[in-house]
Each structure stands twice: as C-alpha cells, then as structure tokens.
> 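Below is one structure. I have some questions about it.
Here is how names work: the chains are called A, B, and so on, in the same order as the sequence lines, proteins then strands, and each is numbered from 1. Values below: all heavy atoms of this structure, side chains included; hydrogens, waters and symmetry mates excluded.
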2 protein chains.
Amino acid sequence: MTERRPRKDAIRNRAAVLAAADALFARCEHPEEVTMAGIATAAGVGKGTLFRAFGDRTGLIRALYEARLEPVRTTVEEGPPPLGPATPPLQRVPALLDAILCFKLDNRHLALALEQTGADSPYRTEHYERWHALLRDLLRRIPGPADSGFTAHVLLAATRADLVEYLAGEQRTPREELRRQLADFTAGVLGTRERPGPDAEG
Amino acid sequence: MTERRPRKDAIRNRAAVLAAADALFARCEHPEEVTMAGIATAAGVGKGTLFRAFGDRTGLIRALYEARLEPVRTTVEEGPPPLGPATPPLQRVPALLDAILCFKLDNRHLALALEQTGADSPYRTEHYERWHALLRDLLRRIPGPADSGFTAHVLLAATRADLVEYLAGEQRTPREELRRQLADFTAGVLGTRERPGPDAEG
DNA sequence: AAGGAAGCGGACCACTGGTCCGCATCGTAC
DNA sequence: GTACGATGCGGACCAGTGGTCCGCTTCCTT
C-alpha cells in the first residue's frame, strides 16, 4: 500500500506525452508513421520518459484509448437510457453498438492504431472483454437460438476499426448511413426489424 | 504482349521461396517472427531474390495466400453445389461462409500473417473484394431490408483470421462447434432459421 | 561460341522499438 | 535554507527489421 505519489514533473510529462501523441495520431493518416521518437520530441521529453511511463508503444496507445473511451464507458455503466443499465436489452443492444460505432468514427486514428498493434490479438484486451461480456449478457436475455457469445463477437466485429475506416474513410460512406446500416443489421439479428414496411432505400 | 517467360532458375527459386515461407509460417506461432532474411536463408537464396520476385513482404504473403486459396476459389466459381454457382442463394451463402471459415481454420498462420500486414487495410485486397462482391450479389437475391453490401462485410468479418484464431486457438472452441455457431448466426441473418412466431416471406 | 539480358546475393542502408546509466530534479528532514 | 537520498530524465546506444544496390553469375538466343 506504500503507493507513493509520482513526482510532479512525472505527472506533467505524462500528460504532455499523452497530449502530443493524441495530436500526432490525429494528424497522421497511417498510425505506424507516428513513432515513439516523434512523440517524445513533440512532447519535449526524452524517449526514456515515454518507456518509463507507459512500458512500450502498445501501453501508450492503450492508455490514450482508454482515456478517450472512459466517458462512453461511464455512460454505459451508470448513465440514463438508452445506454444505461436500466434499458431493456432489446433497446440497449442497438444503442450500445451505435455508441461504439460513433466512438470509432470519432476516434478512427486511435482505434486503428490500437487494433493494428499486431503483437497481441485485439481480443485479449480489457476493454474488448468488457464490451463482449456486457453484450453477451444482454443477448442472453433475448430469446434466440444462436450462441450469445458468438453473436456478441460478430456484432462487435461489425464495428472493427479497419472496417469502419474502410467504409467511412475510403468508400466515403456517410456517417448517418453507416449508423443506419448497422442498426438495420442489428435489428435483423435481434429479430426486431419492423415487418413489411416502406423501407426507404436511399 | 512480349511476355518473356522467366528464366528457369527464377522459377525454381520462386517455388523454393514459397515452400520455405509456407513451412516457416506453419512452424512459428506469431507471424511476425518469420523474417524475410529467415525465409531467404531457409530457401537457400539471397534476400534480393525475395524482393525481386515478390516486391515486398506483403507481396510474398499474398502470393502464398492466393496459392493456397486457389482450390477453394475454383470450387466456388465452377464447382458443384452447394458451393458452385448452380446453388440457390439461400444455401450457397452459408456454404460459402462455412468454406471460408474452414479455410481460415486450416490456414490460421497464413491468414493471420496476411491480415496482420498492418500497412494496408485487409479490405483492399483482390480476394476480399471478390468474396465480398460474390456474397453481396447473393444477398441481393434474398429478400431483406438490410443493406446487402454491409451485411456481406459483417458476415465476412465473422470469419476474420484473428477472431478465428482467438476462438479456436486460444479459447479452444472445437472446430465443429465454431462451424455450427457460424451457421446458426448466418441462418438468423438470412431468416432461414425455423422460427416459432412471425415468419416473414421466406 | 559468344554476347547481352535476366537474375542473383549479401553487404549495406535507413529506421524502428526498446535499453541504459550518468546526471538533473524533486521531496523531505533538519 | 540546506543537505541528501530517491525518483525521474534524456538521448546516445543497441539489436534487428524491411528494403536497396550493384558487381557478378547464370541463362537464353543466335
């Protein structure tokens, strides 16, 4: 329990590094062209400081990602409907997926950088496990013969960073259309799709 | 038009490189520990030969992958049902996805190596475009309000190499169970699942 | 047989993530 | 305020990667 508080220069440097990295990832097209040395320079610190504070490149990216994701997580875990825990599963599942999709759209560069850290599978990260567990539990409360765990994986795969990047960034699919497509697909999986209707195909 | 045939030593070397790379990828757990120099040494050629024949690392992996995939492609394009073109969409879609899943299970290392080539998105490859176009066209012939293109992307995302690796390799999901889960999910998406309640046109 | 084209190979290069340790900075005890 | 040990800093340094280059070898053609 002798958790000594970090020194104030350490705190300042950590913040500077995170800010610099965030800016660099936002500015650059391909995440791999953001190097550790570049981040260090941009933050005005030495490389050693980066590795001391975050362990390695993956650790830095993960820290950045988690920081950005934190508001979403809070809203999901203790916010009001339709994202919060009080929402019935049939509405919460699509709301959750939409929130994740929007997050990835708003943080494409970061999400891409994180998933592209080839070293370890993107499935063994804490935040993936969390989303998956939540989604799986929600799906379990919705009648349907398909395996909830697998369905949760596939629904999450529909929001993978590189797919989102491909559709939104390269194919220029507009944000709202992408959201609608995901919602439609989700509705189909959940069986909540409105029956024969005027589906205005755009 | 003046396509000169390659010299015979070039042909021999190319084959040797492909064989050596295949063996190395099969032997190693993580694809990134297979280096170009290692492949060259194992094949008994110089590094220059690798790059001359395949352009870069991605080119080599892609060539290997396409070579392995070729039988599947042939079966799909001109084979008998349920994979061949004579099959009605409602049966061909699940058959196609099952074939892709099995292929990835049988070639996990290669598929992983290919998808992990972070440089370019896995969505802009020739074979992905081919699978996607085929799947999308099949889906178009099945009534359903969801966007066929997007649905095709998500169904293909369900067979992504790292997800398959995670489920089969790390979580030890048995092959047959994985196939069943994918089939179940697909059936749900297609609406071909025997449903107790409201059946749409099907 | 001879000449030129195609291909070879491995030293070489640029650059990366990551380490290391002498030195500056900080928090604390007096 | 000052002295002092602990904490953190920084950038030279390292190992190892993908990729290039060019003198030399092998092959094909005539």
> Between atom CZ in B/Phe54 and atom P in D/dT20, what is the gap in whole Å?
15 Å

> Out of curiosity, A/Thr117 OG1 to A/Glu32 CD, how far, rounded to the nearest 0.5 Å?
10.5 Å

> Apply salt bridge (Lys or Arg N to Asp or Glu O under 4.0 Å) to the pair A/Glu29 and A/Arg108, showing each step before the final yes or no.
CA-CA 10 Å; A/Glu29 271 314 300; A/Arg108 266 190 295 171; over 6 Å; no

> Please tell me whether A/Tyr65 and A/Phe103 form a close aromatic pair, meaning their ring centres lie under 6.0 Å apart.
yes

> First locate atom CG of B/Asp162, then atom CZ of A/Arg124, and finally report the distance between them rounded to the nearest 0.5 Å.
11.5 Å

> Quick one, B/Arg180 with B/Asp184, criterion salt bridge (Lys or Arg N to Asp or Glu O under 4.0 Å). Give me CA distance, side-chain angles, the key distance, then yes/no.
CA-CA 6 Å; B/Arg180 193 179 51 73; B/Asp184 275 2; 3.6 Å; yes

> In whole angstroms, how far is the C1' atom of D/dG18 from the CD atom of B/Glu33?
17 Å

> Specify the residue among B/Val34 and B/Lys8 whose closest nucleotide of DNA chain D lies further upstream toward the 5′ end.
B/Val34

> To the nearest Å, give me how far apart CG (A/Leu50) and C1' (C/dT16) are.
14 Å

> Checking A/Asp56 now: which residues fulfil side-chain hydrogen bond (donor to acceptor under 3.5 Å, both in side chains) with it, not counting sequence neighbours?
none

> Between C/dC15 atom C1' and A/Glu32 atom CD, what is the distance in whole Å?
13 Å

> With a 6.0 Å cut-off on the ring centroids, do A/Tyr128 and A/His153 count as close?
yes

> Would you kindly give the CZ-to-C1' distance between B/Arg12 and D/dC27, to the nearest whole Å?
11 Å

> Take atom CZ of A/Phe51 and atom C1' of D/dC14, then tell me their distance rounded to the nearest Å.
13 Å

> Listed in order of residue number, which residues of residues 35-43 of chain A have a non-hydrogen atom at under 4.0 Å from DNA chain D?
none

> Strictly under 4.0 angstrom, non-hydrogen atoms only: write out the protein contact profile of nucleotides 2-14 of chain C, one letter per nucleotide from the 5' end, B, S or -.
---BBSSBB----

> Between A/Asp147 (side chain only) and A/Phe150 (backbone N and O only), is there a donor and an acceptor less than 3.5 Å apart?
yes

